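All residue numbers refer to positions in the sequence shown, counting from 1. Every value quoted in this text rests on a predicted model; they were computed, and no experiment measured them. The basis for the numbers below is simple: all heavy atoms, side chains too, and nothing from hydrogens, waters or symmetry mates.
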Amino acid sequence: MDTVRSADGTAIAFDRTGEGPALILVGGALSDRSGAGPLAPLLAARFTVVAYDRRGRGDSGDTPPYAVEREIEDLAALIAAAGGSAFVFGHSSGAALAIAAAGGGLPITKLALYEPPFIVDDTRPALPADYTEHLDELVAEGRRGDAVAYFLTTGVGMPAEMVEQMRGAPMWPGMEALAHTISYDGRVMGSNMSGGPLPTEWATAITIPTLVLDGGDSPEWARNAVSAVAAAIPGSERRTLAGQTHGAAPEVLAPALVSFFAD
């Protein structure tokens, strides 16, 4: 494990494996750098793969108050440590953060995005206006498990009965440990969970080669969001991985990423 200091002094922990151009992996909600474990080795033959703990997770610090701009600065610090420019792959809300970073002018040379969970139409309900605030309230009251459950039911759309069964699973305590960061992802997503169109400024702010991916077995709303992202970023390439869902199999995802980044 290595660390880098972000602009506000927060320590950001990361693992670096492989050899070649730098490729930074940005995880989504309720994930830390360990989530890249199955994917990173499949990329390491061609790239120097950087998997990091976003602030508030794992071995990284969490200097308050939270702001999306601080997370962009974290990514900027990682890019600097990687040599001054990098490829970036973002998954889920990590893809939304990668979009914000690229649009903010970070030295990202190629961008790949897998299913940023924007809600762009009425194929699923928009999130409540107080979604992120309610998550913060639950965590402040010490109800971390309820915050995770609220995210999984209201945010992800899982049946409440299934979530209740998950509370007894071995993975649940780890999810509770990251509960305070779920609202961070909500802020990264911003107003793009309301069922409306995506920002028009992406058309001029993001000019680097961009690959937008989805799974062929993902729900309609998620695939519609990917189509909207591809339409919003001029010249982007859209690709569907057959038989995959939101958690694409690393052995299917990796070749698509290698093909794009190594081209």
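In this structure, the side chains of L97 and R54 come closer than 4.5 Å at one or more pairs of heavy atoms. Looking only at side-chain heavy atoms (C-beta outward), D62 and T10 stay at 4.5 Å or farther from each other. Put simply, the side chain of M175 does not reach to within 4.5 Å of the side chain of R144, judged on heavy atoms. Looking at heavy atoms from C-beta onward, L25 lies in side-chain contact with L43 at the 4.5 angstrom threshold. At least one side-chain heavy atom of L127 sits under 4.5 Å from a side-chain heavy atom of I119. Side-chain contact between L213 and E115: absent, with no pair of heavy atoms (C-beta onward) separated by less than 4.5 Å. Proximity of P117 to W221: side-chain heavy atoms (C-beta onward) are separated by under 4.5 Å at one or more points. V88 has its side chain out of reach of L23: every pair of non-hydrogen atoms, C-beta onward, lies at least 4.5 Å apart.
Remark: L257 CG to K110 NZ distance equals 11.5 Å, nearest 0.5 Å. Here L138 contributes atom CG and E133 contributes atom CD; the two are 12.0 Å apart, rounded to the nearest 0.5 Å. A distance of 5.0 Å separates CD of E237 from CG of L211, quoted to the nearest 0.5 Å. Note that the CD atom of E251 and the CG atom of L39 stand 10.0 Å from one another [nearest 0.5 Å]. Between atom CZ of residue F14 and atom CE of residue M1 there is a gap of 9.5 Å, rounded to the nearest 0.5 Å. Here the CG atom belonging to D53 is positioned 9.0 Å from the CG atom belonging to L178, to the nearest 0.5 angstrom.
Note on ring orientation: taking the six-membered ring where Trp is involved, the planes of H91 and F89 are tilted (angle from 30° to 60°). Using bins of under 30°, 30° to 60° and over 60° for the plane-to-plane angle, the ring pair F261/F87 lands in the parallel bin.
Taken together through direct or relayed side-chain contacts under 4.5 Å among Ile, Leu, Val, Met, Phe, Trp and Tyr, V4 and I108 form part of one hydrophobic cluster. Cluster membership for L30 and Y52, using ILVMFWY side-chain heavy atoms within less than 4.5 angstrom, is shared. Under a hydrophobic clustering in which Ile, Leu, Val, Met, Phe, Trp and Tyr are joined whenever their side-chain heavy atoms come within less than 4.5 Å, directly or via other members, Y184 and M189 fall into the same cluster. Follow the hydrophobic side-chain contacts under 4.5 Å out from L135 and you reach W172 in the same cluster. Linking ILVMFWY side-chain heavy atoms closer than 4.5 Å, directly or via other members, places W202 and V226 in a single hydrophobic cluster.
The pair D136-R187 counts as a salt bridge, with a side-chain nitrogen and a carboxylate oxygen less than 4.0 angstrom apart. Taking a cutoff of 4.0 Å between a charged side-chain nitrogen and a carboxylate oxygen, R16 and D2 qualify as a salt bridge. Salt bridge present: D8 and R55 bring a charged side-chain N and a carboxylate O closer than 4.0 Å.
There is a side-chain donor-acceptor pair under 3.5 Å between D185 and S93. A donor-acceptor contact closer than 3.5 angstrom links the side chains of R238 and S227. Counted by atom type alone, T210 and S236 present zero donor-acceptor pairs between their side chains at under 3.5 Å. Using modelled atom types, one finds no donor on one side chain facing an acceptor on the other under 3.5 Å when comparing S60 with R33.
Heavy-atom minimum distance, A179 versus V148: CB-CG2, 4.0 Å. Shown here for P250 and P255, the closest heavy-atom pair between the two residues is O-CD, 4.2 Å. Closest approach of T109 and S85 over heavy atoms only: CG2-CB, 4.1 Å. Closest of all the heavy-atom pairs between I12 and S6 is CG1-CB, 4.3 Å. What you find for L241 and A248 is that their closest heavy atoms are CD1-CB, 4.4 Å. Closest approach of G94 to V26, counting heavy atoms only: O-CG1, 3.6 Å.
Checked by atom type and distance alone, the side chain of S218 never pairs as donor or acceptor with a backbone atom of D214 at under 3.5 Å. Looking only at distances, a side-chain donor or acceptor of Y114 sits under 3.5 Å from a matching main-chain atom of G215. No side-chain donor-acceptor contact under 3.5 Å links H180 to the backbone of V139. Judged by distance alone, with hydrogens and angles left aside, the side-chain atoms of Q244 form a donor-acceptor pair with the main-chain N or O of A249 at under 3.5 Å.
Counting non-hydrogen atoms of other residues, nucleotides and ligands closer than 6.0 Å to CD of E19 gives a total of 12 or fewer. Around CG of D263, the count of heavy atoms belonging to other residues, nucleotides or ligands within 6.0 Å does not exceed 12.
F151 and Y131 have their aromatic ring centers separated by at least 6.0 angstrom.
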Go through the steps to decide whether T63 and R70 satisfy the test side-chain contact (heavy atoms from CB on, under 4.5 Å), and finish with yes or no. CA-CA 9 Å; T63 305; R70 302 295 81 75; over 6 Å; no
Assess whether salt bridge (charged side-chain N to carboxylate O under 4.0 Å, His left out) is satisfied between E220 and R223, documenting all intermediate values. CA-CA 5 Å; E220 181 183 10; R223 302 197 65 203; over 6 Å; no
With salt bridge (charged side-chain N to carboxylate O under 4.0 Å, His left out) as the test, would you mind laying out the steps for D146 and R167 before giving the verdict? CA-CA 10 Å; D146 289 342; R167 285 181 181 261; 2.8 Å; yes
